[in-house]
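Numbers here are sequence positions counted from 1. No hydrogens, no waters, no symmetry mates; every other heavy atom, side chains included, goes into these values. Every number for a ligand or one of its atoms is a count from 1 in the order of the listing.
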Amino acid sequence: MRVLVVGASGVLGRALVPLLLVAGHTVRALSRHPSGPAPGLEPFAGDLLTSDLAPSVAGCQAVVHAATAIPSNPREPGAWTRNTQLRTLGTRRLVAAAQAAGVERYVQQSISMAYADGGDTWLDETAPFDPSPWRASTVEPVREMESIVQSSALDWYILRGGQFAGPGTAQDVLLEALAAETATVPCTGAYYISPIHPADMATACVAALTASVTRSTFNIVGDPLTYAAYVDHLADLRHLPPPRRNPAAPCPPSSAAPPPPPKRTWPGAQSIRSGPKPVDILRPATPLLPPSSRRSSGVEQRFRKARVGGSNPLVGSKF
Ligand SMILES: NC(=O)c1ccc[n+]([C@@H]2O[C@H](COP(=O)([O-])OP(=O)(O)OC[C@H]3O[C@@H](n4cnc5c(N)ncnc54)[C@H](OP(=O)(O)O)[C@@H]3O)[C@@H](O)[C@H]2O)c1
């Protein structure tokens, strides 16, 4: 099928496009900075928020919305406005264009970090989103985005990805901090995170294009682990000392905790951009390693109900 990918130049998109091509699909890549054409790849100049989307969707059987706008300085006033617009206005525009064009399959990339912290309990796709007022600016646009998709007449999938991990993701910043011995683990570090490699996330996107049961929402995450275990393992892989614990620092935000002080920082919360534009979207941002070479692969687990640590250091800041 011909698949319109919005966000093809991003971390996820650059893992997704080669997989789509290998699967025999034709990719139309909507971008504000389109790259050159290649076999099976149709670059298409456009902006999800302002362009007439009808020409970009015309002739496509499927659409994937994987666009986002993580600000380089998350603390600037209005820094998250564009990201919110992509999730709300962008989704509304894309869904409308897809419906008008008779698109057969729509895949919406979402985030599992919108759940309320579940502590030690497993969270499946029926778990409630975090109602905390201090997380509303993150959670409410996600809720609206998913609602737009769910109330459409399309055959849709919503894929709630865990925190991306691997080269080209926020993990790079954490690794730098570990090497500089500036990384710390807030509170006990016993809260869960559920990382996912972008290549596994991309595999789930490809599967969702042809899977038979539609109008469904799935968590796409690797096995959950505590943040302390995660950073200690990363440090160990690099033969670095484990980062020091900071019991005085508040745990990440959750419905059970008060809002964090505004000045609190965490190295992984910094933005990872996908490089100078235009980027080569046929060169994956992350190596497409076989699942066996990674400790935890979401490929086998992609449509499994998975536990998601609702609270992690990125919640409320990066996403
Ligand atoms: N990063 C994570 O840990 C994580 C975890 C779970 C889920 N997700 C979700 O996964 C998706 C992809 O994230 P990512 O980290 O791969 O993003 P990214 O690397 O920051 O890439 C952002 C993409 O969005 C596109 N974009 C931004 N504004 C646009 C606009 N106005 N019109 C058209 N395209 C626009 C960019 O395309 P151009 O610049 O080429 O126009 C770029 O391809 C998002 O939905 C994100 O919420 C991310």
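- Residue contacts with ligand 1 include Asp47, since one or more of its heavy atoms lies under 4.0 Å from the ligand.
- The distance from ligand 1 to the heavy atoms of Arg82 drops below 4.0 Å at these ligand atoms: 31 (N).
- Under the 4.5 Å side-chain heavy-atom criterion for grouping Ile, Leu, Val, Met, Phe, Trp and Tyr, Val5 is connected to Val11 within one hydrophobic cluster.
- Under 4.0 angstrom from ligand 1, the non-hydrogen atoms of Ser110 all belong to its backbone.
- The atoms of ligand 1 that sit less than 4.0 Å from any heavy atom of Gly7 are 23 (C), 24 (O), 25 (C), 43 (O).
- Distances from ligand 1 to the non-hydrogen atoms of Ile70 include no value under 4.0 Å.
- Nearest to atom 7 (C) of ligand 1 by heavy atom, out of Thr169, Ile196, Ile111, is Ile111.
- Less than 4.0 angstrom separates some heavy atom of Gly161 from each of these atoms of ligand 1: 6 (C).
- At a cut-off of 3.5 Å, with distance as the only test, a side-chain donor of Tyr115 or Asn219 sits close to an acceptor on the other residue.
- Put simply, part of Arg87 is less than 4.0 Å from ligand 1, judged by heavy atoms.
- Close contacts between ligand 1 and Leu86 involve ligand atoms 27 (C), 28 (N), 29 (C), 30 (C), 31 (N) [criterion: under 4.0 Å to a heavy atom].
- By the 4.0 Å heavy-atom criterion, Ser112 is excluded from the residues contacting ligand 1.
- With 3.5 Å as the limit, one finds a donor-acceptor pair spanning the side chains of Tyr230 and Gln171.
- The residues Arg2 and Glu42 are annotated as salt-bridged, a charged nitrogen and a carboxylate oxygen being separated by less than 4.0 angstrom.
- Taking every heavy atom of Ser9 and a limit of under 4.0 angstrom, the matching atoms of ligand 1 come to 36 (C), 37 (O), 38 (P), 39 (O), 40 (O), 42 (C), 43 (O).
- Residue contacts with ligand 1 do not include Met201, since none of its heavy atoms lies under 4.0 Å from the ligand.
- Within the 4.0 Å heavy-atom cutoff, Ala66 counts among the residues contacting ligand 1.
- Look at Asp232 and Arg244 and you find no salt bridge, because none of the NZ, NE, NH1 or NH2 atoms lies under 4.0 Å from a carboxylate O.
- With Pro243 as the fixed residue, the side-chain contact (heavy atoms from CB on, under 4.5 Å) test singles out one of Leu174, Leu234, Leu178: Leu178.
- Of the charged side-chain nitrogens involved, at least one lies within less than 4.0 Å of a carboxylate oxygen, so that Glu144 and Arg92 count as a salt-bridged pair.
- For the residue pair Glu181 and Pro241, the shortest heavy atom distance occurs at OE2-CG, 3.6 Å.
- Within a 6.0 Å radius of CZ in Arg238, no more than 12 heavy atoms belonging to other residues, nucleotides or ligands are found.
- The option with the heavy atom closest to atom 41 (O) of ligand 1, from among Met113, Arg32, Met145, is Arg32.
- For ligand 1, the atoms closer than 4.0 angstrom to any heavy atom of Leu48 are 30 (C), 31 (N), 32 (N), 33 (C).
- Not a single heavy atom of Ala165 sits less than 4.0 Å from an atom of ligand 1.
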